[in-house]
Amino acid sequence: MLGSIPGSGMAGDPAPVAVAEAYRSPGRQSMRRFLAHKGARIGLLMLVAWLIMAAGAPHIAPYDPDALLGKARLAPSLTNWFGTDQLGRDVLSRVIFGSRISLTLGFVSVFFGLVPGVVLGLSAGYFGGWTDTLISRLIDAMLAFPSIILALVIIATLGPGIVNVMIAVGISSVPEYARLVRGSVLSVKAQPYVEAAWLVGNSSARIMFRHIFANINGPLIVFTTLQVGNAILVGAGLSFLGLGAQPPTSEWGLMSSEGRQFLQRAWWIAASPGLAILSVVVAFNLIGDGLRSGFDPKVRSR
Amino acid sequence: MKVPSITARAAALLLTSALQLGSIASAHAAGDLVIAMPASLEPANLDFQVDPYTPDILFDSFMTDPLIVTAPDGTYKPGLALEWTVAPDAKTFTLKLRPGVTFQDGTPFNAAAVKYNFERILSPATASALLANNVGPLKSMEIIDDLTIRFKYDVAWVTFLDMATKAPMWSPTAAAASTPQEFDKKLIGTGPFKLAQWVANDHIRLVKWDGYGGWNAMQEHKGPALIDSVTIKFVGEESVLGSMVATGEANAAYQIPALSVDQYRDSADFHLLAKGQSGTGLSMIMNATSPPLDNKAVRQALLFGRDMKAVNELVYDGLYEPSDGPLNNIHRCFWPGATTAYPHDPAKAKSLLESAGWKDDGAGGRKASGVKGVADGTPLTVRWTILHHQEIAEAVQGQFKAIGVNLKIEKVPGPIQLERVAKRDFDLMYERLRSSDPKILDDMFNPTYNKPGGWFWSGYSSDELTKLVNDVRSNPDNTVRCENAKKAQEIIMEQALIFPTLSDPSYVALAKEVEGFKMGAEGTNFFLHDVSIKK
């Protein structure tokens, strides 16, 4: 296209910025579009704030999160910004410390879902045939259950506890990863560069991970980002039901659960961790939206 | 014949539905009493002849009157027995039964029916988890005449009358037609209400029995109950339970949480009743058979490490009652020394733990060093297993941090609790008995009851303690029994076999239109015989 010839500089031609973009690597272009997304910037800012709080919790939190301060159900004040809970513990400190568990839960459980999901999806898409049939039926069977039900069944087997929640949430997301990756593999495995890689004698594993996986990670990154928020939400839900973190752990789901008994007279006990969950999930969703804008060609063309 | 149009049929249907709704609404106004209760009170089996839980006594009392009634002032009044005599040696008890009584299925109530019920309680097939212990080593039952029966023991059985206030009497005809495990869905008694429906985890519905003759000294009017039906709703959420009367969802709410009391207190729209519950209070029994609590010093350290007054203020705004000993402070045989036996003393608690080999790990916890049966370096964790009142556990957990004890809270359902007790798989286990009689000390600390269904959970026994609780069970002199109960409590506290926490009074909220609601002598029961709902 004439308008995109570099260095033409003629009036009416595309702006120099667009010309320069043509020379940028696809990764850099995606990142640029991501950062240009207003929601993504806000999400990133929120997430960075939470990460700083999680990392620096012992220095940032005004009190020991488990310390009984002597007065229960104190309304938010200058002394206790988020008030105190039903046992007189500082709610702000517990929310800050809770970010450690919730963020860890989000990342770890995504890891537990991502790794087996990618392996299954790559294998099903690449090998096809009976391998694909077997894995796809397994995925179908798992997808028949809503993820929260699947997580509940896994927790019932493993027993309550925050680590088991991470495993349960992770496993329950395996079929979604596998389905996504399988579809992406099918769309690229007939590409000439894959055939070329095969012709020069690359092993199946190398082709799958070096040539195919490297070219389908865009949607995977987007999905993973969204999945972190979802995992935090599901994990908090399981803790709310008493299946996750156990007292006195500062975990947002557990804190919301304990605070629900006092909604009428001390709303801040349940509301504070609830808002924290909301903000982190929104942050991940905004980032996910931004990444989608960066990676997804359909969104890009709009 | 002309077929009515669709419009006409729809109008007829609507009219019929409206009339039905109207009749339901008016029936409700005429006397359907809705009582909300904590879900934790719902038993596994509704028959106290089988099931060990105290709430059964309350539920059964709606469907059948006991032989003897404990009045709100604590005195014994006639129920199905009009008179009773106790031999001076407390080995023979003679009951004169009320004439003209029938069960709800028409079976006559007489001495043979009483004999049948006691045989059923003691039958191994019934597997009675508590009442059989309360009946004790009954030697024989003799039917003197149709309305007189005599019970004989080889040993003094001073708690016979107390037991007779709790043992439900069921129709022999109905009970014989069912298994003990299935009969609780078909209970047929002599009481003012018939069991209409029990939907597990939801509600129990009782309907008025028109044949009831008012065979209970607590009933002031003649004949059947005044209300048409009773719906007992089990509510899992405490805050919801506490609000149900205020929002009009229930006419009464039993055992509302302390923090809901404020909305009913001093209100012209509601009545608020409160009554203590004699017994052990909300206690945790210590497993003295395995580490870390097989060491007395560790058990004592836990008692020195707690401050229940602070917990009460913090969690319940001080609305719970103190419970300092094996029997709670309102019990007539409470040992006052329990109040000062273990003052809050974290320094002493730490010192005792150090002496027991649980050394400071430098990170706020403790680890084993030379503790018998425990590998060196094992962190000190104590499990606290409960059915409810998790907030007390969490507050104690916070206090225990100061002495380096990591308290692990486990909230389990009733069947799991009993399973763990059977395996002695616990450190601190919720164990609570409610009774104004000190015999509960015998139930809990006599190794005779170290068997399935028994309440000897601590695993600790000594000749001196066993002798005392035997006397508490069998001495005909009530004054001496109480004195020995106090001595037994002193040993129990010195050995630190129990971790008393607090005692929860029964708070009952009533809508102002509910009249005639009477609390029993204890917060564990109430009477519906004279209840009416003012229109």
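Within every chain, numbering begins at 1; the chains are lettered A, B, ... in the order of the sequence lines, protein sequences first and strands thereafter.
A/L158 pairs with exactly one of A/L243, A/V165, A/N164 by the side-chain contact (heavy atoms from CB on, under 4.5 Å) rule, that one being A/N164.
Remark: A/R260 is positioned above the aromatic ring of A/F240, its terminal NZ or CZ atom under 6.0 angstrom from the ring centre and at most 45 degrees off the axis. In this structure, B/R306 forms a cation-pi arrangement with B/F499, its terminal cationic atom sitting closer than 6.0 Å to the ring centre and no more than 45° off the ring axis.
Ranked by heavy-atom pairs under 4.5 Å with chain A, the first of B/L259, B/V315, B/I409, B/V240 is B/L259. Counting heavy-atom pairs under 4.5 Å between each of A/Q86, A/R265, A/K71 and chain B puts A/R265 at the top. Taking chain A as the reference chain and counting heavy-atom pairs below 4.5 Å, the highest number among B/K408, B/E394, B/E410 is found for B/E394.
Within the 4.5 angstrom heavy-atom criterion, only side-chain atoms of A/D64, from C-beta onward, approach chain B. Using a 4.5 Å cut-off between heavy atoms, A/Q261 touches chain B through backbone and side chain atoms alike. Both the backbone and the side chain of B/E237 come within contact range of chain A, judged by heavy atoms closer than 4.5 Å. Both the backbone and the side chain of A/L87 come within contact range of chain B, judged by heavy atoms closer than 4.5 Å.
Side-chain contact check for B/D324 and B/T339: at least one donor-acceptor pair (N or O, by modelled atom type) lies under 3.5 Å.
With ring centers used as reference points, A/F262 lies 6.0 Å or more from A/W267. Aromatic pair B/Y430/B/H388: centroids less than 6.0 angstrom apart.
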